[in-house]
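Read the structure below first, then the notes.
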Amino acid sequence: MTNNLQIPLRNVSFVEKKYLKKLERLGVRTVRDFLYFFPHRYDDFSKLSKIADLKPDQTATVEGKIIDIQNIRTWKRRMTITEAAVQDKSGLIRVVWFNQPFILQNIKKDFRVRLSGKVNWDNKGLYLSNPAYELAKRVPTNTGRIVPVYPETRGVTSRWIRWKISQLLGKYLNEIPEIIPNAILKRQELIGVKEAVRELHFPSCFEKIKEAQKRVALEEMFLIQLVSVRARKDWEQSRAIEIPFNEKLIKDFVGYLSFKLTDAQKKSAFQILKDIEKPHPMNRLFEGDVGSGKTVVAAIAALETMMAGYQTAIMAPTEVLAIQHFETFKKIFKNFSQKVGILTNSQCRTVWKKNTRRNFLGKVGRGEIKILIGTHALIQESVEFKNLALVVIDEQHRFGVEQRARLQKAAANLKDNLKNSVPHLLSMTATPIPRTLALAFYGNLDLSILDELPKGRKKIITEIITPANREKVYDFIRAEIKNGRQAFFIFPLIEESEKISGKAATEEHERLSSDIFPDLKIGLLHGRMKPKDKEKVMKDFKDKKYNILVSTSVIEVGVDVPNATIMVIEGSERFGLAQLHQFRGRVGRSEKQSHCFLFTDSSSANTKKRLKALLESEDGFKLAEYDLEIRGPGQFIGTRQSGIADAAMQHLSDVKLIQQARIEAQSLFEFDPKLEKFPLLKEVLERMNKEVHLE
Ligand code: ADP
Ligand code: MG
């Protein structure tokens, strides 16, 4: 019982070997995974209809006798049609299946069957089209009930999953351990785990599905919160270097900047400086819309750290970004510039000169370099700091859940060799995460938000462009380019296939170069290029060697090309609003008027409505909330990545549920800090911890 059903499916005799790989692709490896692999929707096939009552377009379930059934090959369309006639007391109806000749092996003349599906019609009258079927004497599984529909992958159908789950439930349902303490079940009015799992797979009614989803969602959230509350406790108990608050230093620095800090910047800087003053490490998420000015706030913290005699490490997801930060820091810290260094896989230098790697790492080790900016190289290499006190992770969402955990852990390992303390950690992101999600997934972090853009930014003119207006936009772009501006053309990343979208971008690059803008220079950037080539294209674009940059959605977040004032997004309906907003943020970085053109071939009213939100709002947070409402949380956190069950995902916009889960997690730790009274729960948490820290 204590194994929590972590039995590999390969040890379960009734799951055929050939399905193991396919299930793995769905993230299903153990009995527990499979039992917790929930439907993403339900078809209501619960009411039996009389055949005589069927109406066109209706979805219905009927029960009757097979009067006739046969396969017919159609040469014209090269498929097999299985045609049957089914009769009940009220009448007779045709049934048609496409390309499923094997059905003949399962149902034969004179069998009594139950069928659920859509009623269509043609010149021969009404027929049931591709219905789900099963023998009438069977317990309703695929028909005649509320039927679960699962996320499918090639070769694993919902029908097969239903069959296997019903076998699994028969064997293991009673062994599913209840890990939520009784008191919490009562307080939160939750149904038990066995009932919830059974109802999610084979519901008795829609009400029960809701209750079961709530139960599973709370369980998931409760576990996440337990991990996060404990991480926070551990983190708080470790020591950090105290960086004294130095008011004069900050005032002087701010006075010397070429712009005035926004109120939001001041507030965030203050929160951060207050944090790093403490003897416990800061763990703060710093969210700010694109262009809101996070870098300078991080610089303030780095400055204080440097003047107190300690080191700062700043990690960025790409070399382009690392270089960009290096340039910024060089400029704003003119007087101490020899103390700023950059380290990536391909370079290591201070402002003055290139160094040999050994020499450079020596400087870091002796504490001569106070601010070290870099890519993953910072943690991959044997970089030893003298007295690292502050770690900044820029664009932290780019690092993926596991990678981030690794980074965070690596950051905690970068121990100061004088005091053996953990560095303060500042994670920055330009992806506005709706508050609920931030609470759900970053509950162990403190939050600073830049919700105000620097003054004087011009509103980016955003327009939805239908195919009829393309030419006009091309003309406009040419005119702007003749005036010295530059433009981005973005192509959607077709899911999981950078190959296909890379191809689309390559073709479009050719089309634009030969047909539309033969007179202009056009660069191409996509995810399958070598990092070196990518860097070069970005740099050439920055240096104005190209007028236009065609790119897939890999385009670097955070990249700053102020002279680019035009953003064209092809197939814009395929992107989430938050992402579109990110792309738009690539332009509008100077006093010049910028434009964003959302190309779309879709005429759906929903698409229009969604895209319109972008015309109306420039507030990344609002757009993110709106996206969360209409597209669900999946696009903020990949389901797979986060390991959150679909059933729970649907509840992630439910602030109250998340808050409840957090409160319960906190009070449980207060009641029993080591979870001695809850061995099952303890075991699950330990497993979760292991999964996160895989190395
Ligand atoms: P992000 O938050 O997206 O990382 P950056 O830190 O790159 O934004 O800042 C974007 C640009 O805005 C930079 O060129 C920076 O110098 C400028 N900037 C930052 N703060 C202000 C401010 N208060 N007023 C004017 N410009 C600012
Ligand atoms: Mg940035």
Side-chain angles (χ1 to χ4, degrees), residues 250-251 253-272 284-303 312-334 340 342 371 373-375 391-399 426-433 447-460 488 538 542 555-565 567 578-592 594 596 618-621 623-624:
I250 304 302
K251 276 222 166 103
F253 173 75
V254 169
Y256 148 96
L257 286 173
S258 61
F259 46 74
K260 246 181 105 210
L261 290 183
T262 63
D263 287 341
Q265 280 173 318
K266 283 185 203 157
K267 190 171 148 205
S268 306
F270 188 73
Q271 288 171 333
I272 293 165
R284 186 172 281 277
L285 180 64
F286 186 20
E287 277 191 69
D289 216 338
V290 234
S292 57
K294 292 182 291 295
T295 316
V296 68
V297 176
I300 291 174
L303 174 67
T312 298
I314 301 175
M315 282 187 272
T318 65
E319 181 155 19
V320 176
L321 270 183
I323 294 171
Q324 194 173 292
H325 283 321
F326 182 57
E327 299 295 328
T328 305
F329 276 70
K330 236 162 63 176
K331 246 190 282 163
I332 56 181
F333 291 148
K334 233 184 274 155
V340 181
I342 181 166
I371 299 177
I373 298 164
T375 55
V391 167
V392 180
I393 302 178
D394 193 20
E395 307 293 353
Q396 62 105 28
H397 60 281
R398 283 286 302 269
F399 288 101
L426 182 65
S427 312
M428 310 206 285
T429 179
T431 303
I433 305 161
L447 203 58
S448 289
I449 295 182
L450 285 188
D451 47 8
E452 172 186 13
L453 286 182
K455 292 204 179 57
R457 294 269 163 89
K458 278 217 178 72
K459 192 177 156 132
I460 299 164
F488 290 105
M538 260 333 288
K542 253 188 161 170
I555 186 167
E556 309 295 343
V557 274
V559 161
D560 204 24
V561 185
N563 190 53
T565 57
M567 171 61 63
Q579 209 184 354
L580 288 171
H581 179 67
Q582 285 274 327
F583 292 141
R584 179 167 65 178
R586 301 294 106 234
V587 297
R589 302 189 150 229
S590 66
E591 299 73 52
K592 290 156 203 141
S594 286
C596 175
E618 299 171 86
D619 179 338
F621 284 92
L623 289 169

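As the structure lists them, so they are numbered: ligands from 1, and atoms in each ligand from 1.
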| task | Quick one: list whatever passes ring pair (Phe, Tyr, Trp, His ring centres under 6.0 Å) with Phe326, sequence neighbours left out. | result | none
| said: Using a plain distance cutoff, I'd like to know if Gly293 has any nitrogen or oxygen under 3.5 Å from a nitrogen or oxygen of ligand 1. | reply: yes
| said: Set out, in order, the CA-CA distance, both residues' side-chain angles and the distance that settles side chain to side chain contact (heavy atoms under 4.5 Å, CB included) for Gln265 and Leu450, then state yes or no. | reply: CA-CA 6 Å; Gln265 280 173 318; Leu450 285 188; 3.9 Å; yes
| Which is closest to atom 23 (N) of ligand 1 in terms of heavy atoms, His325, Lys260, Met428? | Lys260
| task | Begin from the C-alpha positions of Leu261 and Ile300 and carry the test side chain to side chain contact (heavy atoms under 4.5 Å, CB included) through to its verdict. | result | CA-CA 11 Å; Leu261 290 183; Ile300 291 174; 4.0 Å; yes
| said: List the residues meeting ring pair (Phe, Tyr, Trp, His ring centres under 6.0 Å) with Phe333, not counting sequence neighbours, and say none if there are none. | reply: Phe253, Phe329
| For Ala430, is the nearest heavy atom under 4.0 Å from an atom of ligand 1? | no
| task | Check each of Glu395, Lys294, Gln324 against atom 2 (O) of ligand 1 and report the one with the nearest heavy atom. | result | Lys294
| task | Run the numbers for me: atoms of ligand 1, each under 4.0 Å from some heavy atom of Thr262, listed by number. | result | 23 (N)
| query | Relative to atom 4 (O) of ligand 1, which among Leu261, Thr295, Leu321, Asp263 owns the nearest non-hydrogen atom? | reply | Thr295
| Is a side-chain donor or acceptor of Glu452 paired with a backbone partner of Thr262 at a separation under 3.5 angstrom? | no
